[in-house]
2 protein chains.
Amino acid sequence: MAKEVTQRSENYSQWYNDLVVKADLAEQSPVRGCMVIKPYGYAIWEKMQRALDDMFKETGAVNAYFPLFIPKSFFSREAEHVAGFAKECAVVTHHRLMNDPGGKGVVVDPEARLEEELIVRPTSETIIWSTYKNWIKSWRDLPIMCNQWANVVRWEMRTRLFLRTAEFLWQEGHTAHATAQEAIEEAQRMVQVYARFAREYMALPVIVGHKSPNERFAGALDTLTIEGMMQDGKALQAGTSHFLGQNFAKSFDVQYTDKEGQMQYVWATSWGVSTRLMGALVMAHGDDNGLVLPPKLAPIQVVMVPIFKSDEERARILDKMDEQKKALEAEGHSVKIDDRDNLRPGFKFAEWELKGVPVRLAMGPRDLDSGTVEVHRRDTLEKRTVALDGLDKSIASLLDDIQSNIYKKAFDFRAANVEKCDDWAEFQEKIGTGKFLLCHWDGTPETEQAIKDATKATIRCIPVDSFVCEEEGRDIFSGKPSSRRVVFAISY
Amino acid sequence: MAKEVTQRSENYSQWYNDLVVKADLAEQSPVRGCMVIKPYGYAIWEKMQRALDDMFKETGAVNAYFPLFIPKSFFSREAEHVAGFAKECAVVTHHRLMNDPGGKGVVVDPEARLEEELIVRPTSETIIWSTYKNWIKSWRDLPIMCNQWANVVRWEMRTRLFLRTAEFLWQEGHTAHATAQEAIEEAQRMVQVYARFAREYMALPVIVGHKSPNERFAGALDTLTIEGMMQDGKALQAGTSHFLGQNFAKSFDVQYTDKEGQMQYVWATSWGVSTRLMGALVMAHGDDNGLVLPPKLAPIQVVMVPIFKSDEERARILDKMDEQKKALEAEGHSVKIDDRDNLRPGFKFAEWELKGVPVRLAMGPRDLDSGTVEVHRRDTLEKRTVALDGLDKSIASLLDDIQSNIYKKAFDFRAANVEKCDDWAEFQEKIGTGKFLLCHWDGTPETEQAIKDATKATIRCIPVDSFVCEEEGRDIFSGKPSSRRVVFAISY
């Protein structure tokens, strides 16, 4: 066997960490709360980036880059935003080190204190809106739709690889519009882009909905979210899109002259997903053997393992594999031949299972004679013997099938674990067992808080476009009238 | 006319800044020394990234991501590296803000002081080698070739957009090898990748050579560089590749077991290019009308400007343009139709010249009747009338021609401004007039320093593979014997 992985049933949290570390996705760094994203993990992130970036550009967004640092005073400009963000962050106070007069390495030069402290961006609304002020004069300058791929820092006391780290990578889109309606549509468009990405690339079904006021982004009038169900039944918020109203425009005095010559404040949105998606990918599909990667995001889609006894067999098999690799690559698949000579096939099988490679081909001398290959699919762990003739076509169709099957499995799992609940005792009993509960809510923050205090469950979202939720009823806790159900769950 | 640009002959430095700002590449931010890279500038950077990233991956490098922060103590580990880098940098000392007890916004929470200060990475050798220690056990783990695309911060007192900024974007490759020879070859391979990128994409001829010991990277045994000539005859260092020997391996105790079972220290390289390349691109090719972008890096390769009097003419011309745009896009060109209705054609012409778009097509009613279009090329400012029939082919060939011509122009300009010099009086006279002087040097840091003190000129590099430089002679300053010429110039 390759590296041992903790079983899900034994310790889900340790299982997650094992997969991330042992499949070489990421590891803790010597810097508290900051991770190293290893090449195999980063290759998945690059595929996510490429797909998302293309989708953003299709909507008309362009990329730009804004400073890492934000002057401290900017955080005092948007009152609600401060309250939400200005707390735990990395503060730069000095700009020089010097040799320790005592001779022990380097120390901070006390003379080099900054006049105003700089904050390492936890998010960039403030610096971007202070910039947009110079870019926007007339209605002709609108809309502006900029995205940036960047690192951000939020000091976190308890961190978990990908799910919650002090530094993480993300994209943040920031758009400026002439009207509220346009901004609201943009926020809706982008949350749907995220939902489509989750579905089509991550093979992850998500619920799209509004956050309750308690859970909104600091400074937003509305926060839209995509919520996925992990295999322990907990919810993971995988992306958000905010309608910011005119809050930032007013704080940074961003006005434009409309067609009638009147000055108007600009309307804003922001939207982002982060390396947290990597955590969602691991937790949604992995099994006790390791990662299960959807083919569209797998850095290696097909791995080939030669099985041989003699050098002569090895050479013949590798020749044939090379030929097949070229044919598969010509079809756009990424293929690796594992020709390491110091490891047994069984060890290699386990290692590539751990790494979640969708398809494994094993070929021995008898396969060579019969013109066949053993095909193993990671999602179902099924094996079958396939003809080498036309392999490119059968692999293409198999990869499609794996992509759909992983989605279907996640979809069915969620379907089996979402239920309506109208009884408070039942709610308390079920909420900790890995269910999404669709319940009536009276719309007040007080009730939401009381439910959270009693059960740790939060309103993950108020779903958009869900006829299942649209019905009259009474709040699960307060008994007050409600016009639609919302999604309650324990979350990451 | 569109925005006015300072003429090169009048004030070269202001001309540069005008191009960067008025062509919408970048602007100063409210944070001292940090720039905002605007969408048009960032689109060029993205094209550079994509081309470089593909070239890196062809050599076997993979991408990864390491933390933004480096513990202060790491800077005391590699003695020479400290001396070179640990001085001007951003130091994080606290991790929390709090509401000002006096009620005026936010202040740094004095309780939230970090036990050890964190430095925002000025470069990542130390954090990466502390990580490689865990990745490398045996010769089978080598080589490791990781690259990261990241932001870095070096506190600078005097900044210039793209050329020298406190925060900049770059890539840094860090490789680990079993032998010195392999590491030396890697450093050489990567500087040649940079040279090829400069030549083929940026249309910029560069001199590849070794830095003199004075100008080496802190901690390197050898630094290879590519040096380009700007239009004022000054040199710009556009990329470097370092052979680091075993310095970092020894500082971070990175050893591997070789095939004979012996412990050996690992050999290292690092190599990087940054957004400084954007500055080189502007300064190498721009003219008094604005940017001149090589087609391979131009976000928009072809812009179409309709010329009309009536709405009916406008509609007919835009229809035809749409058709041509689709045909050109099918050939892989990026095309924009400038259909803004509030600007005259002359204004649009000037604006797209300022932005350096390689080809402009103008079409009026008469063109429509005769099945022609006016084609204007940015590099030579020449216009001619071309048949619409087969336009996709003629544009493809024109873009190739422009790419070659921009390179040739830069190449000829450099050729006319590089000369051998063997007389100290002549050197002093010529070095400030925009020349690269090929001179004999006795190989001592003292002579190099004396020449710098007298003239501000530095040794840009000791060229590799240049038969022109390989000859016996006497040092231009000291008169001592020398076995080859080196390149002296005033630099950015």
Side-chain angles (χ1 to χ4, degrees), chain A residues 27 29-31 34-39 41-43 45-46 62-76 82 86-100 104-108 112 117-120 127 130-131 134 140 146 150-151 153 155 167 169 340 342, chain B residues 27 29-31 34-39 41-43 45-46 62-76 82 86-100 104-108 112 117-120 127 130-131 134 140 146 150-151 153 155 167 169 340 342:
Chain A
E27 65 184 36
S29 81
V31 184
C34 294
M35 64 182 161
V36 172
I37 306 180
K38 299 180 76 171
Y42 200 85
W45 177 240
E46 279 183 289
V62 290
N63 287 330
Y65 188 76
F66 298 87
L68 172 66
F69 299 127
I70 301 178
K72 191 189 63 179
S73 57
F74 281 32
F75 281 87
S76 312
V82 185
K87 296 293 151 54
E88 297 295 337
C89 51
V91 185
V92 177
T93 56
H94 291 74
H95 67 81
R96 191 183 303 130
L97 295 176
M98 55 186 265
N99 292 324
D100 182 357
K104 281 183 286 186
V106 289
V107 293
V108 179
E117 295 88 349
L118 297 172
I119 313 305
V120 178
I127 189 86
S130 84
T131 306
N134 303 320
R140 290 187 186 274
C146 284
N151 52 347
V153 173
W155 213 261
E167 181 192 16
L169 303 184
R340 289 176 293 176
N342 61 322
Chain B
E27 65 184 35
S29 81
V31 184
C34 294
M35 64 181 160
V36 172
I37 306 180
K38 299 178 77 171
Y42 200 85
W45 177 241
E46 280 183 290
V62 291
N63 288 329
Y65 188 77
F66 298 87
L68 173 66
F69 299 127
I70 301 179
K72 191 189 64 179
S73 57
F74 280 33
F75 281 88
S76 312
V82 185
K87 296 293 149 54
E88 297 295 336
C89 51
V91 185
V92 177
T93 57
H94 291 74
H95 66 81
R96 192 183 303 130
L97 296 175
M98 55 185 267
N99 292 325
D100 182 359
K104 281 182 286 186
V106 289
V107 293
V108 178
E117 295 89 348
L118 297 173
I119 314 304
V120 179
I127 190 87
S130 83
T131 306
N134 302 322
R140 290 187 185 274
C146 284
N151 51 348
V153 173
W155 213 260
E167 182 193 17
L169 304 184
R340 289 176 292 176
N342 61 322

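Below, chain A is the first sequence line, B the second, and so on; all start at residue 1.
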Shortest non-hydrogen contact from [X] to [Y]?
X	Y	answer
Ala90(A)	Val92(B)	CB-CG1, 3.8 Å
Lys87(A)	Asn99(B)	NZ-ND2, 4.3 Å
Lys72(B)	Val107(A)	NZ-CA, 4.0 Å

Let's test your reading of the structure: which of Val120(B), Val62(B), Val31(B) forms the most heavy-atom pairs below 4.5 Å with chain A?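 Sorted descending by pairs with chain A, the first entry is Val31(B).
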Leading residue by heavy atom contact count with chain A [cutoff under 4.5 Å; candidates Pro71(B), Ser130(B), Ala150(B), Pro30(B)]: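 Most heavy-atom pairs under 4.5 Å with chain A: Pro30(B).
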Among the options Pro67(A), Cys146(A), Ser29(A), pick out the one with the most heavy-atom pairs lying under 4.5 Å from chain B.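 Most heavy-atom pairs under 4.5 Å with chain B: Pro67(A).
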Once the angle between the rings of Phe69(B) and Trp155(A) is folded into 0 to 90°, is it parallel (under 30°), tilted (30 to 60°) or perpendicular (over 60°)?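 Rings of Phe69(B) and Trp155(A): tilted, 30 to 60°.
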Pair Ile119(A), His94(B) - check side-chain contact (heavy atoms from CB on, under 4.5 Å), show working. CA-CA 10 Å; Ile119(A) 313 305; His94(B) 291 74; over 6 Å; no
Rounded to the nearest 0.5 Å, how far does CE of Met35(A) lie from CZ of Phe66(B)?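 Here the interatomic distance stands at 12.5 Å.
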Glu117(A) CD to Thr93(B) OG1 distance, which is reported to the nearest 0.5 Å: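 Spacing of CD (Glu117(A)) from OG1 (Thr93(B)) equals 8.0 Å.
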Between Cys34(A) and Leu68(B), does the side-chain contact (heavy atoms from CB on, under 4.5 Å) criterion hold? Intermediate values first, please. CA-CA 8 Å; Cys34(A) 294; Leu68(B) 173 66; over 6 Å; no
Heavy-atom distance under 4.5 Å to chain B: side chain of Arg140(A), backbone, both or neither?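 For Arg140(A), the contact with chain B is made by the side chain alone.
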